[in-house]
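Working notes for the structure below.
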Amino acid sequence: ILQERQIMKKQKKLCVLFLCSVGLTGTKYGCGGGGCGACTVMVSRYNPIQDTVHWSVNACLQPICSLHGAAVVTIEGIGSTKTKLHPVQERIAKAHGSQCGFCTPGMVMSMYTLLRNNPQPTMEDIRETLGGNLCRCTGYRPIIDGFKTFCDTRISCQNGDGNGKCCMENSNSHNNESDISGELFSMDEVLPLDPTQDLIFPPELLVSKPSEQLCFQGEKARWISPADLKDLIKLKAEYSNAPLLVGNTTIGPKMNLKGTVHPLVIYGGSIPELQAVKWRNNSVTVGAGCSLSVLKDILLRGTEELGPEKSRVYQALVQTLQCLAGKQIRNMAVNGAREICLSEEFFTGFGKTALRPDEILLAIDIAHSRPWEFVSAFRQSQRREFAFSIVNAGMRVVFRHNSNVVENLDIFYGGVGPTLVKARHTCKELMGRKWDEKLLVEGTQLLEEEISVPPTAPGGREEYRKTLVLSFFFKFYMQVLLELQQKVGMNDLPLEYLSALKPFKNEVPQGNHSFQLVPETQSSSDPVGRPNVHQAALQQATGEAVYYDDIPSVKGELFVSMVTSTRAHAKIIFIDASVALAMSGVITFISAKDVPGQNRRLWFNNPEELFAEEEVICVGQIIGAIVAETREQAKRAAEQVAITYQDIQPAFFTIEEAIEHQSFFDPKRKLERGNVEEGFEKADHILEDELYMGGQEHFYMETQGLIAIPKAEAGEMELYVASQHAAYTQEVVGITLGIDSNKITCHVKRLGGGFGGKVMKIASLSAIAATAAYKTDRAVRCVLERGDDMLITSGRSPFLGKYKVGYMNDGTILAADITYYSNGGCTLDESSFVSLLHMDNGYKIPNLRGHGLVCKTNLPSYTAFRGFGGPQGLTIIEGVLHEVAARCGLPAHQVRDINMYKDEKCYTHHKQLFSPRDMVRCWNECLEKSDYTHRCLSIEQFNAHNHWKKRGISIVPLKFGIGFSKGFYNQGAALVNIYKDGSVLISHGGTEMGQGINTKAIQIASRILKVPMSSIHIKETCTGNVPNAAPSAASFGTDAVGMSVKNGCEKLMRRLEPLIKKHPQYTWQQLVVEAYCQKISLSATGFFMGPHTSVDWEKSEGNAYYYFTFGACCSEVEIDCLTGDHKNIRTDIVMDVGRSINPALDVGQVEGGFVQGIGLYTIEELQFSPEGVLLTRGPSQYKIPALCDVPPQLNVHLLRNADNPHAIYSSKGIGEPPVFFGCTLFFAIKEAIAAARRERGLSDSFPFSSPATAEKIRMACEDCFTRMNPLDRKVKTKPWTINV
């Protein structure tokens, strides 16, 4: 409860900065801008009319001062493992809806708030509620599975169809075999939801108090909450430049992310008149302080009560509001939004209105629709929900009574100018005209001439935005025409046009899952092969799970903030930190000269600098760091460090520029089999083309950081760090400090996501924090803000594949010569070429040659990302087959099938022996389970009957190498300790980051030691317990850790074996005590020496991988040819995971990887300015998949009777391979575009690059609207962004 003066002295937000200070670390800080939902909490207020009202809000944007009289409930307040779980917490855990766990508290609080308001929600309620919560791990389906058990229609089977029907009743039932199951969890014994047990609203807040002005004074700002409307008007007149704040969704992000400071803020959220709603005869008046959620509810009520004709305005507004932001933002944001207002006079510029400084907006009056009035709203964004619109529009037409003659017309656009734009001239010209095809043609021409989007417009995409202007008008024309047909009997709208009028409906993901049950002969106490819940799921669901930034502050702890380069390539002339050092709380500035050991180190013979010393080679390179008493002080001071540069030429950023300058890292790789030139001579056709793939940001929910704590003696240093490779972090810190590794201990409890991004870059950040701790002799905490994390640490490399392919008329490929160019950025990092090893995928191309070059550019260094070059290498060859199929006029799946490896013994292009049997099984099962042939026919019919919407389908196989191609990494170690009470403690070299490595390790230990999983604990990863561990990467974690744990446990059991034989009646604890008394060691190290993998690049041969994981995936999509929007309809995946150690975790990895692939191939787009500056630095600009992007039907089947003699218990690594399956959406979209182009008489071979964004889809669907901006009219100017 926050009341009266319970306010911190500094102006802070509710989240980390306040909650952590009072020990409430369950609420997570993910982005600082309300864009991820990790910090969701529930705010409750008492309303005499509505009783208590509960809202889910983003704590990072909720000012503490605004919570006067409110009750705030965080994750800790609803349940814990120490007291009693809340049903929401229990069900998300049991349904396997928590992997890394960082987003879980936010998910739980969103659902908890919904249940407080509605104990029996619908699936649509759940979908809307979770729309503002992002998850990077799970793929959302298991979260929905857990939460849908609260719906009023109970579903006994989690694979049900949403109507209470079990998946076993469906026609494509997954198990005809008795040893196949689809039940990943059971809800038989879950806690019931009992609203009477929920927290009551604090009685002391029910007491009505007279209104009074509240004033809070902070270090840099003052906050005033006026007593009433009269007081508010007086304050606004007195302090005309002070912002009036209600929801804080506009001012908050600027303050959090851009450091904007307002000396005075006036809060209007407590003024009753600003929240008043008045229904009148012909309109409703909504107070300007009403949240968008309240506005939506009001409009929905109006729609129900007024009927369809009188509520057309309300329907259009609701349609927009449903896609606008997330639920938490809509609960906070107020209704003066530019997105939905049709008064162009009111908005004078971006974020500016016609209000005088001393005025306030009191209310908005929304009129009912008149009988002959038609209103529509349109928007297109990068992601269908929870994203700013690229272009939005509101259109209104009024006709003369009983006619199709236009009496009045209003057309407004957003996103085509600095503020709202009205097509005045077009509207004026079209008034008095009949609503017919002639009006459409003239109106389109008028709009094209009137609405201009200059090439220099912020955000770029000028051609796409111009096309959307015309497409939206065409949609409006058709919508109105359809309604007029019913009123005045006009000519019928062609039936094939009707589908364009239906917006895509967002649905919750559900699906069928199947896995093989353990043999009946397996002991019921043996957990291996069973879908056990993630070992820490309950702690993650209650907020008890500790991440590095949850660790309480150490006495005297300081904070470090990075100072980064603002130039792409320049000489450092001078660094002036004097202004920063004079600021309050600043302790010191560190740079290269402060490094006690080495500032420069070698990584495989390539130099890496900790701090840039003489020159900078990218924007975002770390030059120095400010160390201060608080986060805010360090951040503010870092911005004041002045650096003088002298630019160095050339500075270039793109792959094409690197090719032009021949700027490549060594070594340059090549692999070849057969005789490529001979293959080209024999081929019927030769094709030369290229395919580009954009990069990808990791966007782990927990940003990078650590705590470095210097010890009092011998130069020891303890680091609590978010690292996938603690041993490397230890090594780099030692080199930097000039201290032996035995004095540096790295602790890793868990990561809030990693995906390869926390292998290399965190080591440098750790070394910087350690340098600061060394210099100040105080603990130092480093926590990167989301924008800094994205800028400094980079992500997946962009790729360009240029190929020449020779093929026969039947689609058989005889020869292919492919050159892969990877944009590596400014240093090599982990960009050494591995994509060549994936270039054949599952295809036996007899003559195959690949060259791999890593481009050296002036961008932040790209690094490992889930799949590590695999998705790019695989996609290029799939692009080759797709294009060959198009040129041959054959179905793509037929060309894939004819070229597939099928012999029992096959050799890869690097001469590694393997059997493709299980890959072919996956392919055939996927064809069958997806009902591929029948759906192809259905898609043909759909496309024939729909002109403006098209569907496509694609199926691909997968062969993915597991393990490190650098053989020395293929090792694992563990330490197993048994205590006298019989409990077991395991330490291993792997890192738990959501993939369930600890859970699987415990399952393995439980099987061998024959003790329950509850008696086994894994505390942390620690370099002091297991030295020299390999990184948790390459899908090899369970293989290495599992084998080492098995080895350690087997050693212990061999020691205990004589006692077991001698005392068969002893319990486990008695046995352990007896062993102790007989001086038998109860501690053992386990070690796994993995296979030797290597490639002789000169001979193009070598066993690059331990083994191969196989799979197949089929996806169907639907595109809107007028806007470029698309909907993922259905995906079927068949995956060979060998004998799964934990089917629930493996299915979760498959789904999570696939959904990450959805982002890679369709919506995630990194944008750089022509100066090499990353523009996409947070969730408001960079969109990862949200709930709305997951196919409503997502089916995952683990291949039955699949074995793998190479790995632990015949299992297979599964973390990385499924990311590539996102390419099925890319190729399905391409198929849909090709269908549209064929109908328009265009070639179905066309350039198309990944990701398949709405812009690319729309512009590839060429039509009369895209052609209205011809090439000869384009003016050459500096682009907004560049393709790197």
Side-chain angles (χ1 to χ4, degrees), residues 36-37 92-93 95-104 106-107 126-127 130-131 133-148 158-159 184-185 383 385-386 506-515 531 534 537 540 696 698-701 752-755 866-867 871 993-996 1035 1111 1113-1115 1117 1127-1135 1137 1142-1164 1183-1198 1214-1225:
C36 70
I92 193 174
H96 312 288
S98 182
Q99 289 187 18
C100 87
F102 203 80
C103 73
T104 306
M107 295 281 183
I126 294 175
R127 189 202 64 75
L130 297 182
N133 291 80
L134 298 181
C135 174
R136 195 58 154 163
C137 295
T138 65
Y140 299 98
R141 190 274 313 160
I143 299 171
I144 294 295
D145 273 0
F147 288 165
K148 75 183 183 186
Q158 66 261 27
N159 291 332
L184 292 171
F185 64 92
R383 187 173 59 201
E385 283 187 349
F386 203 14
N506 294 326
E507 303 171 68
V508 294
Q510 300 182 69
N512 299 326
H513 310 94
S514 67
F515 63 94
H534 191 289
Q540 290 167 184
Q696 186 180 24
H698 299 93
F699 212 96
Y700 25 66
M701 299 305 293
F755 316 117
R866 193 176 191 172
M993 47 193 165
Q995 82 279 42
S1035 303
C1113 177
C1114 174
S1115 292
V1117 302
K1127 180 176 180 178
N1128 306 322
I1129 295 173
R1130 173 177 169 180
T1131 292
D1132 295 86
I1133 298 173
V1134 178
M1135 204 79 206
V1137 299
N1142 188 318
L1145 296 181
D1146 287 347
V1147 168
Q1149 286 295 290
V1150 172
E1151 291 176 333
F1154 169 71
V1155 171
Q1156 209 164 61
I1158 290 177
L1160 171 63
Y1161 289 99
T1162 62
I1163 59 173
E1164 295 184 40
K1183 300 300 176 186
I1184 69 170
L1187 187 61
C1188 61
D1189 298 297
V1190 184
Q1193 197 169 354
L1194 176 56
N1195 306 316
V1196 176
H1197 306 280
L1198 303 186
I1214 193 59
E1216 294 181 303
V1219 174
F1220 162 69
F1221 284 151
C1223 83
T1224 55
L1225 298 168

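The first residue in the sequence is number 1, and the count goes up from there.
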Does any non-hydrogen side-chain atom of [Y] lie less than 4.5 Å from one of [X]?
X: V1190; Y: R141; value: no
X: L130; Y: Y140; value: no
X: E1164; Y: I1184; value: yes
X: F755; Y: R136; value: yes
X: N1142; Y: H534; value: no
X: D1146; Y: V1196; value: no
X: F1154; Y: T1131; value: yes
X: P1185; Y: T1162; value: no

Short question: side chain of [X], backbone of [Y] - any donor-acceptor pair under 3.5 Å?
X: N133; Y: G106; result: yes
X: R866; Y: G1215; result: yes
X: Y1161; Y: T1224; result: no

Testing the basics here: between [X] and [Y], what is the closest heavy-atom pair and its distance to 0.1 Å?
X: I92; Y: M107; answer: CD1-CB, 4.1 Å
X: P1217; Y: S1035; answer: CD-OG, 3.7 Å
X: N506; Y: E385; answer: ND2-OE2, 2.9 Å
X: V1147; Y: H513; answer: CG1-CD2, 3.9 Å
X: A1144; Y: L184; answer: CA-CD2, 3.9 Å
X: R383; Y: C1188; answer: CG-SG, 4.1 Å

From [X] [atom1] over to [Y] [atom2], what is the distance, rounded to the nearest 0.5 angstrom?
X: M1135; Y: H1197; atom1: CE; atom2: NE2; result: 13.5 Å
X: L1194; Y: S1115; atom1: CG; atom2: OG; result: 8.5 Å
X: F699; Y: C36; atom1: CZ; atom2: SG; result: 6.5 Å

Please lay out, stage by stage, how F386 and L134 fare under the test side chain to side chain contact (heavy atoms under 4.5 Å, CB included). CA-CA 10 Å; F386 203 14; L134 298 181; 4.1 Å; yes
Listing request: all salt bridge (Lys or Arg N to Asp or Glu O under 4.0 Å) pairs with a residue in residues 1186-1196, at least two apart in sequence or in separate chains.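 For residues 1186-1196, and leaving out neighbouring residues, there are no salt bridge (Lys or Arg N to Asp or Glu O under 4.0 Å) pairs at all.
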From Q99, M701, M993, Q1149, residue fulfilling side chain to side chain contact (heavy atoms under 4.5 Å, CB included) relative to C137: Q99
Under the ring-ring contact (aromatic ring centres under 6.0 Å, His included) test, residues paired with Y700 that sit two or more places apart: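 Once residues adjacent in sequence are excluded, the partners of Y700 under the ring-ring contact (aromatic ring centres under 6.0 Å, His included) criterion are H698.
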With sequence neighbours left out, what residues match F102 under ring-ring contact (aromatic ring centres under 6.0 Å, His included)?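 With neighbours one apart ignored, the set is Y547.
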Side chain to side chain contact (heavy atoms under 4.5 Å, CB included) for N1195 and R1130? Distances and angles first, verdict last. CA-CA 8 Å; N1195 306 316; R1130 173 177 169 180; 3.7 Å; yes
Worked verdict on S98 versus Q540 for side chain to side chain donor-acceptor pair (under 3.5 Å): CA-CA 7 Å; S98 182; Q540 290 167 184; 2.6 Å; yes
Might you work through the side chain to side chain contact (heavy atoms under 4.5 Å, CB included) test for Q995 and L1145, ending with a clear yes or no? CA-CA 7 Å; Q995 82 279 42; L1145 296 181; over 6 Å; no
Please walk me through it: do K148 and V508 pass side chain to side chain contact (heavy atoms under 4.5 Å, CB included)? CA-CA 10 Å; K148 75 183 183 186; V508 294; over 6 Å; no
